[in-house]
Amino acid sequence: VGSEMCIRDSFNVLAGVEAYSYRYDELTASRSKMAQPDMPELVVGSQLTGGSGYRIDYALVGYLTQALYDYQNKYFFSASYRRDGSSRFAPETRWGNFWSLGTSWRIDREEFMASTSDWLSALTLKMSYGAQGNDNLGTYYASKGLYTIVSNLGENALVSDRMATPNLKWETNLNFNVGIFHQVPFHHSRKRIQGGIQTMIRMDSCRIEITEANRTGIQTIQERSQRF
């Protein structure tokens, strides 16, 4: 009497680097008393009435890795990790670490589900937990103090628009998901009805904006809290 057992499994690993760079330049000027009003060129205006300009620099780099494991084409496991650096934050808080763990079970491929194969397919139980990061905090210079240059009695002066927040960090979302999904095929047809139930629990590390007035003007401070 002989027996043979076939174990089908696979293991995949992915690693990579992601980089993004953005630069925006704007320069504006205006003149009045146009010698030829129908010519839309600054050179025909004799009086300079305004001028402005600014530049935005933004860079993001990330190192990532992912591992996937499949056992007998029924049990699936995944793990991922990435480390991202954003120019929006100060050098001391520039880097954030994010990760996720996941598993799924193809219940319909178990032997005890063989009797349902003609009317129920792709019955899958899924679960995942992980941390996601967000650096889009409404400004490209989230950690720096921002100022407007104005004229004060003919001399240059600075007006504070935003206080520096060097301790500001990545916004992190912790997500837990669990759900069950299925497909019900129509007989004598390739069409299928898909359905599922999913539950998600999320915790955010969010920012709180505190506005205070002092002799330098209105300033905004961003801090962190956590919420469910």
Side-chain angles (χ1 to χ4, degrees), residues 2-20 60-86 88-89 93 95-138 168-208 223-228:
S3 62
E4 181 179 352
M5 180 177 65
C6 179
I7 298 178
R8 295 169 297 173
D9 61 350
S10 64
F11 183 72
N12 297 286
V13 176
L14 169 70
V17 178
E18 189 177 49
Y20 174 78
L60 178 70
V61 62
Y63 304 93
L64 57 99
T65 182
Q66 183 184 59
L68 303 173
Y69 180 63
D70 167 15
Y71 180 68
Q72 294 188 345
N73 205 26
K74 292 188 294 185
Y75 314 106
F76 302 88
F77 306 91
S78 66
S80 64
Y81 170 80
R82 64 179 299 148
R83 180 171 172 83
D84 292 318
S86 172
R88 296 179 190 258
F89 304 109
T93 59
W95 293 92
N97 301 298
F98 312 103
W99 52 272
S100 68
L101 298 172
T103 183
S104 63
W105 176 25
R106 284 295 300 266
I107 306 174
D108 60 302
R109 294 175 179 171
E110 297 288 355
E111 293 184 1
F112 62 80
M113 294 292 293
S115 61
T116 65
S117 60
D118 60 337
W119 63 273
L120 182 64
S121 63
L123 182 61
T124 307
L125 177 64
K126 295 183 178 182
M127 183 172 60
S128 64
Y129 181 64
Q132 296 176 321
N134 174 37
D135 71 332
N136 187 6
L137 306 181
L168 194 65
K169 300 179 180 180
W170 282 79
E171 183 177 81
T172 303
N173 302 317
L174 295 175
N175 298 307
F176 174 75
N177 293 275
V178 61
I180 188 166
F181 305 88
H182 64 84
Q183 291 181 347
V184 179
F186 287 106
H187 290 289
H188 310 296
S189 174
R190 294 183 178 180
K191 297 181 179 180
R192 297 173 181 268
I193 298 178
Q194 298 182 356
I197 300 174
Q198 181 173 349
T199 301
M200 182 181 71
I201 300 175
R202 174 172 175 170
M203 183 179 74
D204 301 337
S205 65
C206 62
R207 64 185 186 277
I208 298 176
E223 299 294 346
R224 291 290 185 198
S225 69
Q226 290 194 344
R227 66 185 179 192
F228 286 94

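Remember, predicted model here, so these are calculated numbers, not experimental data.
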Non-hydrogen atoms of [X] and [Y] that approach each other most closely:
X	Y	result
S104	T124	CB-CG2, 4.1 Å
T93	L168	OG1-O, 2.9 Å
D108	M113	O-CB, 3.9 Å

Going by side-chain hydrogen bond (donor to acceptor under 3.5 Å, both in side chains), name the residues that satisfy it together with [X], two or more places apart in sequence or in a different chain.
X	result
T103	none
N97	Y81, R83
Y69	D9

Task: Any side-chain heavy-atom pair of F98 and N134 under 4.5 Å - done: no
Open item on the list: Going by salt bridge (charged side-chain N to carboxylate O under 4.0 Å, His left out), name the residues that satisfy it together with K74, two or more places apart in sequence or in a different chain.
Closed with: E110
Open item on the list: According to salt bridge (charged side-chain N to carboxylate O under 4.0 Å, His left out), who are the partners of R82, at least two apart in sequence or on a separate chain?
Closed with: E18, D84
- [ ] Return the orientation label for the Y75 and W105 ring planes: parallel under 30°, perpendicular over 60°, tilted otherwise.
- [x] parallel
Partners passing side-chain contact (heavy atoms from CB on, under 4.5 Å) against [X] (at least two apart in sequence or in another chain):
X	result
D135	Y58, L60, S86, R88, F89, W170
S128	N177
S10	N12, D70
S78	L68

Open item on the list: Can you list everything that forms a ring pair (Phe, Tyr, Trp, His ring centres under 6.0 Å) with F76? Sequence neighbours excluded, please.
Closed with: none
TODO: Could you pull out all residues at least two apart from W99 that satisfy ring pair (Phe, Tyr, Trp, His ring centres under 6.0 Å)?
DONE: Y129
Task: Straight-line distance of I180 CD1 to K126 NZ, nearest 0.5 Å - done: 11.5 Å
